[in-house]
Amino acid sequence: ELTLSCRYVLCEVVSEDPRCRQCIEDRAVGLAVKDAIGRVHGDYGLACCSISFTVKYLNAYTGTVLLRCRKDFYRLLCSALPFVRQLESRNQRYPCSLRTLHVGGTIRTCQKFLIQYNRRQLLMLLQNCTNEEERRCIQKSLLSCSLTEEQPQSGDEDDDDGIE
């Protein structure tokens, strides 16, 4: 598919509005990011970032988003992400922001980072538990944090030259 070198940017959708995560869609995230790139870097920046830009993964439940772009232009993408202020879905606008968690050369490095990140988040929750039932649920979640082996999709794992 792609022989170009790519970067994967792992982000988290942050919003005060609980309805926001329920309405997150690939298309809405992609449009919001492209809009921010256009505002910050103009037509040239938008054209550069759009070459192989795509939303590779989206988990509306956790608010996790994985974006792919050309390696040459990932800094343009990352510098525009703080300017995402809302997601629009079904003619509703939800105020939110995108927090960059990790930039990796492969989807797999981003998965590994996300597992460690989720473990740390769960450990913080565990420290704040108020009863034994909460504690058991979080401990069970902690034990289930692992990376299951799947066949890499063609073209996505070719570039394993590390993290910048």
Side-chain angles (χ1 to χ4, degrees), residues 1-2 4-125 128 141 145 147 150 152-153 155-157 159-164:
E1 172 190 288
L2 282 175
L4 300 170
S5 199
C6 293
R7 283 289 169 259
Y8 296 89
V9 182
L10 185 65
C11 303
E12 181 177 41
V13 177
V14 180
S15 178
E16 299 292 318
D17 188 342
R19 297 171 301 162
C20 180
R21 283 195 175 163
Q22 297 166 1
C23 298
I24 299 172
E25 299 166 336
D26 296 27
R27 191 176 159 281
V29 173
L31 288 172
V33 170
K34 284 183 175 183
D35 177 63
I37 294 168
R39 282 185 283 126
V40 175
H41 299 294
D43 291 342
Y44 174 76
L46 182 57
C48 290
C49 291
S50 294
I51 292 170
S52 68
F53 173 81
T54 187
V55 178
K56 285 301 283 183
Y57 172 78
L58 174 72
N59 185 326
Y61 182 72
T62 61
T64 305
V65 178
L66 186 65
L67 307 172
R68 182 190 71 196
C69 70
R70 288 262 311 268
K71 180 180 178 181
D72 303 346
F73 305 116
Y74 83 93
R75 287 182 184 90
L76 285 177
L77 170 68
C78 289
S79 65
L81 291 177
F83 295 93
V84 172
R85 294 281 173 240
Q86 66 185 14
L87 291 178
E88 195 169 328
S89 178
R90 300 180 195 96
N91 295 324
Q92 290 284 319
R93 289 186 178 153
Y94 300 97
C96 67
S97 61
L98 290 179
R99 177 173 42 216
T100 302
L101 300 176
H102 182 74
V103 177
T106 64
I107 292 174
R108 188 166 181 80
T109 58
C110 292
Q111 286 175 322
K112 288 178 179 178
F113 172 85
L114 189 57
I115 290 165
Q116 293 305 315
Y117 176 78
N118 286 338
R119 273 199 184 124
R120 287 192 302 271
Q121 298 295 99
L122 286 167
L123 285 169
M124 286 192 303
L125 284 173
N128 297 327
S141 294
C145 286
L147 185 60
E150 287 185 23
Q153 294 156 359
D156 289 342
E157 298 300 318
D159 178 41
D160 199 4
D161 59 353
I163 302 163
E164 287 187 5

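Sequence positions, counted from 1, serve as the residue numbers for this chain.
- Leu67 places a side-chain heavy atom less than 4.5 Å from the side chain of Leu81.
- Closest of all the heavy-atom pairs between Cys49 and Cys69 is O-CB, 4.5 Å.
- To the nearest 0.5 Å, atom CG of residue Asp26 and atom OG1 of residue Thr54 are 7.5 Å apart.
- Side-chain contact check for Leu76 versus Ile37: every heavy-atom pair is 4.5 Å or farther apart.
- Here the straight-line distance linking atom SG of Cys48 with atom CG of Leu77 works out to 12.0 Å at 0.5 Å rounding.
- Annotation: side chain to side chain donor-acceptor pair (under 3.5 Å) contacts of Asp72 (sequence neighbours excluded): Arg70.
- Residues Lys34 and Ser50 are in side-chain contact: their nearest non-hydrogen atoms beyond the backbone lie under 4.5 Å apart.
- The NZ atom of Lys56 lies 8.5 Å from the CG atom of Leu66; values are rounded to the nearest 0.5 Å.
- The SG atom of Cys11 sits 5.5 Å away from the CG atom of Leu98 when rounded to the nearest 0.5 Å.
- Heavy-atom minimum distance, Val84 versus Ala36: CG2-CB, 3.8 Å.
- Residues Gly104 and Cys110 share a closest heavy-atom pair of N-SG, 4.0 Å.
- The minimum heavy-atom distance linking Ala28 with Leu87 is given by the pair O-CD2, 3.8 Å.
- For the pair Val33/Phe53, a side-chain contact is recorded, criterion being any heavy-atom separation below 4.5 Å from C-beta on.
- Environment of CZ in Phe83: sparse, with no more than 12 heavy atoms of neighbouring residues, nucleotides or ligands closer than 6.0 Å.
- Distance check: Glu25 CD to Leu31 CG gives 10.0 Å after rounding to the nearest 0.5 Å.
- The neighbour count for Arg27 CZ, taken as heavy atoms of other residues, nucleotides or ligands under 6.0 Å away, does not exceed 12.
- Two residues are said to be in side-chain contact when any heavy atoms from C-beta on lie closer than 4.5 Å; His102 and Tyr117 fail this criterion.
- Of all the heavy atoms in Ile24 and Ala60, the pair that sits closest is O-CB, 4.2 Å.
- Going from atom CD of Gln86 over to atom CG of Asp17 covers 12.0 Å, rounded to the nearest 0.5 Å.
- Across all non-hydrogen atoms, the minimal contact from Phe113 to Leu10 is CD2-CD2, 3.7 Å.
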